[in-house]
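Remember, predicted model here, so these are calculated numbers, not experimental data. Both backbone and side-chain heavy atoms feed into the values below; hydrogens, waters and symmetry mates do not. Quick note on labels: first sequence line is chain A, next is B, and so on, each numbered from 1.
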Protein chains: 2
Amino acid sequence: MNDSQLLKGILEGCVLGIISQGETYGYEIISELEQYGFRDIGEGTLYPILTRLDKNGYIRCRKDKSPLGPIRKYYSITNEGMNRLMEFSSDYRKMKQCTDMILEKAIYKADSDNNERRE
Amino acid sequence: MNDSQLLKGILEGCVLGIISQGETYGYEIISELEQYGFRDIGEGTLYPILTRLDKNGYIRCRKDKSPLGPIRKYYSITNEGMNRLMEFSSDYRKMKQCTDMILEKAIYKADSDNNERRE
DNA sequence: ACAAGGTACTTGGCAATACAAAGTACCTTG
DNA sequence: CAAGGTACTTTGTATTGCCAAGTACCTTGT
């Protein structure tokens with residue numbers, strides 16, 4: 001995934017989705033995202049998202065010391081956050097449906113054009 | 001789809017996908033997008049995309065008069081554009097895979113939490 | 001002839017967001 | 001006490017969707 005523009009808006013929903021599974025903190029979220037396949041999400045990308053989600057009341061924050069490093073900020077999802085997550089999921093699904101339809105048609109045509117040329 | 005951020009990067013790929021099906025022009029692309037389910041894509045959104053695609057060599061432009069209005073700019077896809085479309089499609093698919101996984105897990109958990117509370 | 005409305009493209013400015021880069025600071029281990 | 005991993009912050013930049021307004025062509029009705 002080279003195209004960082006594709007992540008606009010997506011990342012926020014994914015972070016909210018991860019936090020919805022249980023209390024967690026920034027540094028861990030980055031490695032979670034990596035496990036799901038999102039490569040190279042830097043700290044300068046994630047932390048502003050957390051700040052924004054917090055400011056909007058979608059997550060809440062609790063500071064606590066870490067067993068092996070500096071203080072962590074643990075985040076958990078709020079009721080408003082759950083609503084936002086559902087809304088995001090619905091918007092995402094609609095976007096996907098439209099895009100998939102266009103791409104399927106385009107790729108199908110490209111393939112058959114390609115086959116015709118070979119014959 | 002209220003979340004316009006979700007469209008970032010997506011729209012360009014979709015427009016390229018539509019043009020790949022055959023020569024077309026701006027005003028028609030907007031109604032195509034609408035038919036696929038993208039609502040309220042304004043001219044101030046689409047035309048800059050076309051300019052960009054053209055400048056990057058992904059599409060080429062030909063001016064011709066319209067049977068019922070002012071001059072049209074007809075666009076068709078180039079070889080580079082086809083490559084870009086395939087690349088976009090691949091990036092999009094990867095993004096989708098990661099996002100779907102996270103959302104499915106989150107929604108599943110939300111559902112079962114919900115059911116437990118009812119029991 | 002003229003107004004209205006649909007067609008068609010252009011331009012300028014704004015807001016949101018991903019990201020790179022650099023910085024601060026804590027802790028463990030050798 | 002140096003090195004390296006953990007953890008969060010800040011600043012600046014580029015990209016992109018979108019609103020608003022403008023220009024201009026053409027047909028149709030009065």
Side-chain angles (χ1 to χ4, degrees), chain A residues 1-16 23-34 38-56 58-59 61-75 84 88 91 95 98-99, chain B residues 1-16 23-34 38-56 58-59 61-75 84 88 91 95 98-99:
Chain A
M1 221 172 343
N2 324 336
D3 196 340
S4 91
Q5 292 301 322
L6 271 186
L7 297 181
K8 294 269 170 87
I10 294 286
L11 229 38
E12 182 173 315
C14 288
V15 170
L16 205 49
E23 201 183 47
T24 181
Y25 58 97
Y27 213 70
E28 192 176 49
I29 292 174
I30 289 180
S31 67
E32 287 262 347
L33 284 170
E34 205 132 324
F38 288 106
R39 303 291 161 199
D40 304 318
I41 305 298
E43 299 163 76
T45 299
L46 179 67
Y47 288 110
I49 293 178
L50 291 174
T51 309
R52 201 189 317 147
L53 287 172
D54 192 18
K55 202 185 318 181
N56 290 333
Y58 298 143
I59 56 179
C61 181
R62 175 175 75 79
K63 281 184 199 169
D64 208 348
K65 55 189 165 204
S66 155
L68 47 62
I71 275 194
R72 288 178 185 164
K73 292 173 85 169
Y74 289 92
Y75 292 100
R84 177 73 191 98
F88 167 78
D91 285 348
M95 179 278 282
C98 304
T99 306
Chain B
M1 221 171 344
N2 322 333
D3 197 339
S4 91
Q5 292 300 322
L6 272 185
L7 297 181
K8 295 270 168 89
I10 295 285
L11 267 183
E12 182 173 315
C14 288
V15 170
L16 204 49
E23 200 183 47
T24 180
Y25 58 97
Y27 213 69
E28 192 177 49
I29 293 175
I30 290 180
S31 67
E32 287 263 347
L33 285 169
E34 205 132 325
F38 288 107
R39 302 291 162 202
D40 303 318
I41 306 297
E43 300 164 74
T45 299
L46 178 68
Y47 288 109
I49 293 178
L50 291 174
T51 309
R52 201 190 316 146
L53 287 172
D54 192 18
K55 202 185 317 182
N56 291 333
Y58 299 143
I59 56 180
C61 181
R62 175 176 76 79
K63 281 183 199 170
D64 208 347
K65 55 188 166 204
S66 155
L68 46 63
I71 275 194
R72 288 177 184 164
K73 293 173 84 170
Y74 288 93
Y75 292 99
R84 177 74 190 99
F88 167 77
D91 285 349
M95 177 279 282
C98 304
T99 306

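In this structure, B:P67 and B:R72 have side chains that are in contact, with non-hydrogen atoms separated by less than 4.5 Å. Considering only heavy atoms from C-beta on, B:T45 stays 4.5 Å or farther from B:L7 through its side chain. In this structure the side chain of B:L50 reaches within 4.5 angstrom of the side chain of B:I29, judged on heavy atoms. In this structure, A:L16 and A:F88 have side chains that are not in contact, with every pair of non-hydrogen atoms separated by 4.5 Å or more. When side chains are defined from C-beta on, A:T99 counts as touching B:F38, because their heavy atoms get closer than 4.5 Å. Contact of the A:S4 side chain with the B:K8 side chain is not registered, since no non-hydrogen atoms from C-beta on lie closer than 4.5 Å.
Summarising the geometry, the separation between CG on A:L6 and P on C:dC19 is reported as 11 Å, rounded to the nearest angstrom. Straight-line distance from the CG atom of A:D40 to the P atom of C:dA21: 12 Å, rounded to whole Å. Counting to the nearest Å, the C1' atom of C:dT10 and the OH atom of B:Y27 are 14 Å from each other. One can place CG of B:L50 at 8 Å from P of C:dC9, the figure rounded to the nearest angstrom. For A:L11 and C:dC19, the CG to P distance is 7 Å, given to the nearest whole Å. Atom CD1 in A:I41 sits about 13 Å away from atom C1' in C:dA20, given to the nearest Å. Atom P of nucleotide C:dC19 and atom CZ of A:R52 are separated by 12 Å, given to the nearest angstrom. In this structure, the CG atom of B:L7 is 19 Å from the P atom of C:dA15, given to the nearest Å.
At a threshold of 4.0 angstrom between heavy atoms, the contacts of B:G42 with the nucleic acid are absent. Residue contacts shown for A:K65 are absent, as no nucleic acid heavy atom lies under 4.0 Å away.
Judged by closest nucleotide on DNA chain D, A:P70 is the one of B:E12 and A:P70 placed further toward the 5' end. Summary of the strand contacts: B:P48 and A:I10 both lie near DNA chain C, and taking for each the nucleotide with the nearest heavy atom, the more 5' one is attributed to B:P48. The 5' end of DNA chain D is approached more closely, in terms of each residue's nearest nucleotide, by A:L68 than by the other of A:L68 and B:S66.
Residues forming a salt bridge (Lys or Arg N to Asp or Glu O under 4.0 Å) with A:R62 (at least two apart in sequence, or on another chain): A:E23, A:D64.
From the 5' end on, the contacts that DNA chain D makes with chain B at under 4.0 Å to a non-hydrogen atom open and close at D:dT16 to D:dC26.
OP1 or OP2 of C:dC19 has not a single side-chain nitrogen or oxygen of A:K8 nearer than 4.0 Å. OP1 or OP2 of C:dC9 lies within a sub-4.0 Å distance of a side-chain N or O belonging to B:Y47.
A:R39 places a side-chain N or O within donor-acceptor distance of the main-chain N or O of A:E34, the cut-off being under 3.5 Å.
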### Query
So what is the 5' to 3' dot-bracket string for DNA chain C, if pairs are Watson-Crick or G-U wobble with both distances under 3.5 Å, crossing pairs use [ ] and | means the partner sits on another strand?
||||||||||||||||||||||||||||||

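No more than 12 heavy atoms of other residues, nucleotides or ligands lie within 6.0 Å of CG in B:D40, so this atom counts as exposed by the packing criterion.
Across all their heavy atoms, A:Y25 and A:K73 have their closest contact at CB-O, 3.3 Å.
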